[in-house]
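A short write-up of the structure that comes next.
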Amino acid sequence: MFEPAGAGAGLDNSELPAGYTYFGQFVDHDTTFDPTSSLQRLNDPNLLRNFRTPRLDLDSIYGSGPSDSPFLYDQSEPLKAPDGFSGFLLIGNGENANEDDLPRNAQDVALIGDMRNDENIIVSQIQLAFLKLHNKVLENIASQANQTFATQEQFEEARRIIRWFYQYVVWNDFVRRIVPPEVHADVLVEENGLLVPKMRFYDWKHMPFMPVEFSVAAYRFGHSLVRPGYQINISIGFGVEKPIFDTTGAGQNDLRGGRKLLANHSIQWDWFLEFPSSSDPFPQMARKVDTKLARSVFHIPAGPGITNPLALLNIRRGISMQLPAGTSVARAMGQTPITLQDPMEDQLWVYILKEAEDAGATRLGSVGGRIVAEVFAGMLAGDSLSFVSCDPQWTPSRESGLLPFGQPVNGGDWEFADIIRAAGMPINGSDFNNGQ
């Protein structure tokens, strides 16, 4: 299930910039977390818990809030309110003092709501973007009240804006890009000014839950998007690619996280997302949605001197969770299963990749796309605090006085690129002057 050595641009996804691979990882960490899971033993699915709220609520950014997760918030003056409330999130510095990084303790452990968001530099920079965006919006709110500090009410307003902006982009940009258009249009439908969920298979009685078919199989399609390596920024140099994990054993000249941001390693975002400043060969594109994974994920760190191939980890996980076969899921959804060449392809995760491969390899197929679209639509519709439930006609344009932008950067609807721009992350080569 791995790309042949030296595989080139012929395996690139023509429709999906590489930045969405790691935005998808960030979204996954916001919605799923099971610290009790183990690949070494057969788990009882009835006893498994998801310790992350099944909502797009950015608890990986905000933790349990300033009162219960104070280590995430800046306690310095004059940012603290007179009553001691601290609503601004901490920002750190990398090895280069001109480069922002996640806040870290004296041992360089990131102080964030989900440690998985320090797994690699790209996802950690997305985490950083949300920290910075929150602070910018909260600063704008406080400035309108002629304050350097923020009250709890102002903090809640900033958090609502950031969450809704994020939810809007997840549904209208990210999910739209990864599922078939007809499926996206079918599962969350506008009726009389409301966004009405039209799920056929994903249902709940009291609150949304995280189906294992989503978390263990369908949504892991993102592993096929990982490139063998990435060009980071103009400071590192054009043509210099670094893998997520160093598979040569020659050192750590890679993009792994868990350490202070290496000097000159900030992401140049017009090399990862479409911006007006992007020019060929950028943005780099994700890999195709298919059954071939980049060799950069063949050696996933699993302790000192121990690695595992990611494909094997996913297959073991599916077996331990007793997932149904892909053909069985297709039939249960009223679809004709795809033709398989090998019995292993009926393992649900592999089946979903094979289905996408047969459909053109730029996005999920009908089974995988339906699972992913219905779960995201259900999470939004089932969250009483989401923009879908509270204000279905809301768009980021409504917050133009507080969000630091004008119109969408690429002229269409709001995208992930607009979050990056609004956060003030480095976008083009000119942003890398003065050591960045």
Exercise for review: Compare all side-chain heavy atoms of P281 with those of F238 and state whether any distance is below 4.5 angstrom.
Suggested key: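 The answer is yes; the side chains approach within 4.5 Å.
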Review point. Do F209 and F214 touch side chain to side chain, with heavy atoms closer than 4.5 Å?
Key: no
Review point. Ring centres of H134 and F88 under 6.0 Å apart?
Key: no
Review point. Does the ring center of F85 lie less than 6.0 Å from the ring center of F149?
Key: no
Between [X] and [Y] (side chain of the first, backbone of the second, donor and acceptor by atom type, cut-off under 3.5 Å), is there such a pair?
{"X": "D59", "Y": "G63", "result": "no"}
{"X": "D100", "Y": "N93", "result": "no"}
{"X": "Q284", "Y": "Y230", "result": "no"}

Does one side chain, of [X] or [Y], offer a donor that lies under 3.5 Å from an acceptor on the other?
{"X": "R159", "Y": "Y62", "value": "no"}
{"X": "D173", "Y": "Y20", "value": "yes"}
{"X": "Q268", "Y": "N233", "value": "no"}

Review point. Which is it for K288 and D12 under the salt bridge (charged side-chain N to carboxylate O under 4.0 Å, His left out) test, yes or no, and what are the steps along the way?
Key: CA-CA 5 Å; K288 292 180 178 179; D12 281 355; over 6 Å; no
Review point. Is the shortest distance from a Lys or Arg side-chain nitrogen in D118 or R259 to a carboxylate oxygen in the other one below 4.0 Å?
Key: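 No, D118 and R259 are not salt-bridged.
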What is the minimum heavy-atom distance between [X] and [Y], and which atoms define it?
{"X": "N253", "Y": "P243", "value": "O-CD, 3.9 Å"}
{"X": "T31", "Y": "M210", "value": "O-CE, 3.6 Å"}
{"X": "G113", "Y": "L72", "value": "N-CD2, 3.9 Å"}
{"X": "G24", "Y": "F174", "value": "CA-CZ, 3.5 Å"}
{"X": "I126", "Y": "G19", "value": "CD1-O, 4.5 Å"}

Check your understanding: Taking only residues at least two apart or on different chains, which pairs with a member in residues 211-225 satisfy side chain to side chain donor-acceptor pair (under 3.5 Å)?
Key ->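 Of all non-adjacent pairs touching residues 211-225, those that pass side chain to side chain donor-acceptor pair (under 3.5 Å) are R220-N314, H223-N314.
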Exercise for review: Measure up the W394 and W164 rings against each other and bin them: parallel (under 30°), tilted (30 to 60°), perpendicular (over 60°).
Suggested key: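 Taking W164 first and then W394, their aromatic rings stand perpendicular (interplane angle over 60°).
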Practice item. Quick one: sort the W269 and F416 rings into parallel, tilted or perpendicular, breaks at 30° and 60°. Key: perpendicular
Quiz: residues 184-197 side-chain donor-acceptor pairs under 3.5 angstrom, not counting sequence neighbours:
unit_1: H184; atom_1: NE2; unit_2: W171; atom_2: O; d: 2.9
unit_1: D186; atom_1: OD2; unit_2: R370; atom_2: NH1; d: 3.3
unit_1: D186; atom_1: OD2; unit_2: R370; atom_2: NH2; d: 3.0
unit_1: E190; atom_1: OE2; unit_2: Q393; atom_2: NE2; d: 3.1
unit_1: E191; atom_1: OE2; unit_2: K198; atom_2: NZ; d: 3.0

For residues 404-412, which side-chain donor-acceptor pairs fall under 3.5 Å, sequence neighbours excluded?
unit_1: N410; atom_1: ND2; unit_2: E274; atom_2: O; d: 2.9
unit_1: N410; atom_1: ND2; unit_2: E415; atom_2: OE1; d: 2.9

